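Remarks on the structure that follows.
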Amino acid sequence: MNKAILTEKLTWYEQACCMCIEDLYHTAYIALVNEDIAEKIVTQICVAGVHKYGNSENVEMIRFLLTSDLYHHIKRRLYFHTPNSKILPEPLCALSKTERLIAAMHFCSGISSAESGKILGLSEKIYAKTISDIVRKLPLYPQDEV
């Protein structure tokens, strides 16, 4: 099917969801390390978004708002969904749940640093320092076995 024809038939909201669904899922998965919960939360965010943002014609704004909703949804539930540390990639074990969520927002959400900082409620300077501190905690190389 011609992609242009498909795009013409989708609403602005549907186009925005198509553009950001993978980023939303990756962000949720990195933060929660649980495929089922990540999928359920992203589905909830997208379904709820139809009612809140369905009339908007700004695809980038919809993407930002969905990402913001995802962040706040995960932040409220982060401690109820304890990831299985056995399946967590080793470098991420050095981070707290909140740090993992912030890193996921920065590296996986597909939105700009300024937008991520805005969602987190941090100034540009504080956001940059926070990301720097998180990255500094990550091991550069896998630990050699002794």
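Because the structure is predicted, anything quoted here is derived from the model rather than measured. We use all heavy atoms of the structure for the numbers below, so side chains are in, but hydrogens, waters and symmetry mates are not.
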Donor-acceptor list for residues 111-121 side chains, cut-off 3.5 Å, not counting sequence neighbours:
residue	atom	partner	partner atom	Å
Ser112	OG	Glu115	N	3.1
Ser112	OG	Glu115	OE1	3.4
Glu115	OE1	Ser112	N	3.1
Ser116	OG	Met105	O	3.4
Ser116	OG	Ser112	O	3.3

Show every donor-acceptor pair shorter than 3.5 Å between a side-chain atom in residues 60-70 and any protein atom, with sequence neighbours excluded, or say none if there are none.
residue	atom	partner	partner atom	Å
Arg63	NH1	Met19	O	3.2
Arg63	NH2	Asp23	OD2	2.3
Arg63	NH2	Gly110	O	3.4
Thr67	OG1	Arg63	O	2.8
Asp69	OD1	Tyr53	OH	3.1
Asp69	OD2	Lys52	NZ	3.0
Asp69	OD2	Tyr53	OH	2.7

Side-chain donor-acceptor contacts of residues 36-47 below 3.5 Å, not counting sequence neighbours, with atom names and distances?
residue	atom	partner	partner atom	Å
Thr43	OG1	Glu39	O	2.8
Gln44	OE1	His73	NE2	3.2

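Taking both residues in full, the closest heavy atoms of Ala31 and Leu101 are given as CB-CD1, 3.8 Å, listed atom of the first, atom of the second, then distance. Minimum heavy-atom separation, Thr98 to Lys75: CG2-NZ, 3.3 Å.
Counting only heavy atoms from C-beta outward, the side chains of Ser132 and Val135 never approach each other to under 4.5 Å. Using a 4.5 Å cut-off on side-chain heavy atoms (C-beta onward), Tyr13 and Val50 make contact.
The distance from atom CD1 of Ile134 to atom CG of Leu95, rounded to the nearest 0.5 Å, is 6.5 Å. Note that OG1 of Thr27 and CG of Leu32 are 10.5 Å apart. Values are rounded to the nearest 0.5 Å.
For residues 123-137, the salt bridge (Lys or Arg N to Asp or Glu O under 4.0 Å) pairs, not counting sequence neighbours, are Glu99-Lys137, Lys129-Asp133, Asp133-Arg136. Sequence neighbours left out, the pairs with a member in residues 100-139 that pass ring pair (Phe, Tyr, Trp, His ring centres under 6.0 Å) are His106-Tyr127.
The side chain to side chain contact (heavy atoms under 4.5 Å, CB included) search around Glu22 returns His26, not counting sequence neighbours.
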